[in-house]
Amino acid sequence: MEIGTVRQIDIDQEMQDAYLDYAMSVIVSRALPDVRDGLKPVHRRILYAMHDMGIRPDRPYKKSARIVGEVLGKYHPHGDAAVYEAMARMAQDFSLRYMLVDGQGNFGSIDGDSPAAMRYTEARMAYIAQEMLADIGKETVDFVPNFDDTLNEPQVLPAVLPNMLVNGASGIAVGMTTNIPPHNLVEVCDALTYLIDQYNKLDDVTVEDLTRFIQGPDFPTGGVVYRFDASDRDGDRVDLIRNAYAFGRGRITVQANVHIEEMSRNRSRIVVTELPYQVNKTRLIERIAELVRDGRIEGITDLRDESDRQGMRICIELTRTVDTREVLSQLFKLTPMQTTFSLRMLALVDGEPRLLSLKRVLLHYLEHRQEIVTRRSRFLLE
């Protein structure tokens, strides 16, 4: 088209095309994890850049600003805040079940404190993150050009660690969201081993078979997961976890882990030692204090945060005239001590978003590992 030429277009069609291009870009290149390694592009680029720089678990820490600069300059041409926040999250023991980054310095807290500026903190790869990049130099994965065609970056990581289920993922794309809870590594490996043993009759494997091994999410902050809901119309209890794993979406109730301690003069206190996933401890305490001040919960005489490096401990002291169980029931009802986790296992399969059941997620991971081992063997033979 010559410069200066005016081309008539239909505004409706142009808006549809432009918005669809934008939506697909967000879905594929930003917000959703790949089913094979469970990583979004920014996390994959951070780990690969650290691997490329040689910042391994047995090497000294490097300034976070140095790592962020490497990622921005070579692979991820976006804001530095986005890269640093993604890296900081990988170093938080209350965000990831198995941390991929070993951080030194203030990387935030469960109280909602934000990480220190990247010029103050230092980081290196965690030992388990090496499993994400194992054999990457043996032609196990395809490499694609970076944003300016000067370097190559991996399209996906070899991922000996089943990261998508083990660490979970959350993201908001255009018109779709994903929210995958973390799981226990031993349980996921047992389920994968079972699938390998049953490889000749995979069609016979049911969700019930898999939930014998993966009994539910394993949140890094602990808490109590309720498997069954109230009875349905026929009087049968609804297995929330089995339904969620069967269809790839569902709602799971998570409660704080509490116990009751007896005090002197017939008084008692409620002690909270674990919170539901992604609940802010400071906001929870403020919420309880607000309810007491407004008179919606009665009988609480003192509220203290006694958490230290040994673990979490929130003490709620009660008068001797109230029923402890009744106060506890009100706390679960009116505060984030009980939350609902909306499970939605949406991930990219061959570059397209798919809602996946637990079985499909495990099978896609096994297919990925089969391809990695095949390509590694071919490379070593050559």
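In this text, all values refer to a predicted model and were calculated from it rather than measured experimentally.
Residue Met99 comes nearest to Ile128 through the heavy atom pair O-CG2, 3.3 Å, listed as atom of the first residue, atom of the second, then distance. Of all non-hydrogen atoms in Pro115 and Ala88, the two that sit nearest each other are CG-CB, 3.8 Å. Shortest non-hydrogen contact noted between Pro158 and Arg369 is O-NH1, 3.0 Å. Minimum heavy-atom separation, Ala173 to Val26: CA-CG1, 4.0 Å. The nearest pair of heavy atoms linking Ile288 to Met337 is CD1-SD, 4.4 Å. The nearest pair of heavy atoms linking Leu185 to Val166 is CD1-CG2, 3.7 Å.
The structure places CG of Leu72 at 6.0 Å from CG of Asp80, a figure rounded to the nearest 0.5 Å. Interatomic distance, Leu380 CG to Asp135 CG, rounded to the nearest 0.5 Å: 7.5 Å. Distance CD1/Ile46 to CG/Leu100: 10.0 Å, rounded to 0.5 Å. How far CZ of Phe94 is from CE of Met312: 10.0 Å, rounded to the nearest 0.5 Å. The CD atom of Gln338 sits 6.5 Å away from the OG1 atom of Thr340 when rounded to the nearest 0.5 Å. Interatomic distance, Ile241 CD1 to Arg227 CZ, rounded to the nearest 0.5 Å: 5.5 Å.
The closest side-chain donor-acceptor pair between Thr121 and Tyr84 falls under 3.5 angstrom. Looking only at atom types and distance, the side chain of Gln370 has no donor-acceptor partner in the side chain of His368 under 3.5 Å away. Side-chain polar atoms of Asp37 and Tyr365 form no donor-acceptor pair below 3.5 angstrom. A side-chain donor from one of Thr206 and Asp209 sits under 3.5 Å from a side-chain acceptor of the other. Inspection of the Ser268 and Thr324 side chains reveals an N or O donor paired with an N or O acceptor under 3.5 Å. Checking Gln255 against Tyr226 by side-chain atom types alone, a donor-acceptor pair falls below 3.5 Å.
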**Request:** Kindly determine whether Lys74 and Asp52 satisfy side chain to side chain contact (heavy atoms under 4.5 Å, CB included), including the steps that lead there.
**Result:** CA-CA 11 Å; Lys74 288 186 175 180; Asp52 207 26; 4.0 Å; yes
**Message:** Please evaluate residues Phe341 and Phe219 with respect to the criterion ring-ring contact (aromatic ring centres under 6.0 Å, His included), reporting the C-alpha separation (whole Å), side-chain torsions for both, the decisive distance (0.1 Å), and the verdict.
**Reply:** CA-CA 11 Å; Phe341 186 91; Phe219 296 111; 5.4 Å; yes
**Asked** Going through the distances and angles, do Phe143 and Ile136 end up as a side chain to side chain contact (heavy atoms under 4.5 Å, CB included)?
**Response** CA-CA 10 Å; Phe143 279 72; Ile136 197 168; 4.1 Å; yes
**Verdict with reasoning, Leu157 to Leu47, per side chain to side chain contact (heavy atoms under 4.5 Å, CB included)** = CA-CA 9 Å; Leu157 297 186; Leu47 290 178; 4.2 Å; yes
**Message:** If you apply the rule salt bridge (Lys or Arg N to Asp or Glu O under 4.0 Å), what do you find for Arg296 with Asp294, and how did you get there?
**Reply:** CA-CA 6 Å; Arg296 296 181 66 187; Asp294 295 345; over 6 Å; no
**Worked verdict on Arg66 versus Glu70 for salt bridge (Lys or Arg N to Asp or Glu O under 4.0 Å)** = CA-CA 6 Å; Arg66 171 77 178 82; Glu70 185 87 359; 2.9 Å; yes
**Message:** Before you tell me yes or no, could you show the steps for Phe107 and Ser114 under side chain to side chain contact (heavy atoms under 4.5 Å, CB included), namely the whole-Å CA-CA distance, both residues' side-chain angles and the distance that decides it to 0.1 Å?
**Reply:** CA-CA 7 Å; Phe107 277 90; Ser114 56; over 6 Å; no
**Request:** Check the pair Asp17 / Gln13 against side chain to side chain donor-acceptor pair (under 3.5 Å), numbers first and verdict last.
**Result:** CA-CA 6 Å; Asp17 294 345; Gln13 188 61 41; 3.1 Å; yes
**Request:** Determine, step by step, whether Asp102 and Tyr127 satisfy the side chain to side chain donor-acceptor pair (under 3.5 Å) criterion, reporting the C-alpha distance in whole Å, the side-chain angles of both residues, the deciding distance to 0.1 Å, and the verdict.
**Result:** CA-CA 8 Å; Asp102 177 12; Tyr127 277 99; over 6 Å; no
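Side chain of Ser25 to main chain of Asp21: no donor-acceptor pair is present (N/O by atom type, distance under 3.5 Å, no hydrogens or angles). Side-chain atoms of Thr221 come within 3.5 Å of backbone atoms of Leu275 as a donor-acceptor pair (strictly under, hydrogens ignored). Glu187 contributes no side-chain N or O that, together with a main-chain N or O of Ile214, makes up a donor-acceptor pair within less than 3.5 Å. The main-chain N or O of Leu151 is found under 3.5 Å from a side-chain atom of Asn146 such that the two form a donor-acceptor pair. Using modelled atom types, one side-chain atom of Arg287 and one backbone atom of Leu334 make a donor-acceptor pair closer than 3.5 Å. With hydrogens and angles ignored, the 3.5 Å screen pairs no side-chain donor or acceptor of His43 with any backbone N or O of Pro41. The closest donor-acceptor contact from the side chain of Asp113 to the backbone of Gly108 lies at 3.5 Å or more, if one exists at all.
At a threshold of 4.0 Å, the pair Arg45-Glu153 counts as salt-bridged, since one of the basic side-chain nitrogens sits closer than that to a carboxylate oxygen. Salt bridge annotation for Arg354-Glu352: present, with a cationic side-chain nitrogen under 4.0 angstrom from a carboxylate oxygen. Checked for salt-bridge contact, Arg304 and Glu317 meet the test: a charged N lies under 4.0 Å from a carboxylate O. Contact check on Asp58 versus Arg56 returns no salt bridge, with no Lys/Arg side-chain nitrogen under 4.0 Å from an Asp/Glu carboxylate oxygen. The pair Arg283-Glu286 does not count as a salt bridge, with every side-chain nitrogen at least 4.0 angstrom from each carboxylate oxygen. Under a 4.0 Å N-O distance rule, the pair Arg269/Glu261 qualifies as a salt bridge.
Counting non-hydrogen atoms of other residues, nucleotides and ligands closer than 6.0 Å to CD of Glu298 gives a total of 12 or fewer. At most 12 non-hydrogen atoms from other residues, nucleotides or ligands lie less than 6.0 angstrom from CG of Asp350. For Tyr22, the OH atom counts as loosely surrounded, since its 6.0 Å shell holds 12 or fewer non-hydrogen atoms of other residues, nucleotides or ligands. Other residues, nucleotides and ligands contribute at most 12 non-hydrogen atoms within 6.0 Å of the CZ atom of Arg249. Within a 6.0 Å sphere centred on CD1 of Ile172, other residues, nucleotides and ligands contribute 12 heavy atoms or fewer.
Looking at heavy atoms from C-beta onward, Thr335 lies in side-chain contact with Leu291 at the 4.5 angstrom threshold. Residues Ser170 and Asn179 are in side-chain contact: their nearest non-hydrogen atoms beyond the backbone lie under 4.5 Å apart. No side-chain heavy atom of Val141 sits under 4.5 Å from any side-chain heavy atom of Gln155. For the pair Arg375/Lys138, no side-chain contact is recorded, criterion being any heavy-atom separation below 4.5 Å from C-beta on. Here the side chains of Leu133 and His51 are in contact, with some heavy-atom distance below 4.5 Å. Taking 4.5 Å as the limit, some side-chain heavy atom of Val205 sits within range of a side-chain heavy atom of Leu210. Between Leu358 and Met345 there is a side-chain heavy-atom pair separated by less than 4.5 Å. Counting only heavy atoms from C-beta outward, the side chains of Asn280 and Leu284 never approach each other to under 4.5 Å.
A cation-pi arrangement is present between Arg212 and Tyr194 under the rule of less than 6.0 angstrom and at most 45 degrees off the ring axis.
Between His183 and Phe213, the ring center distance fails the sub-6.0 Å criterion.
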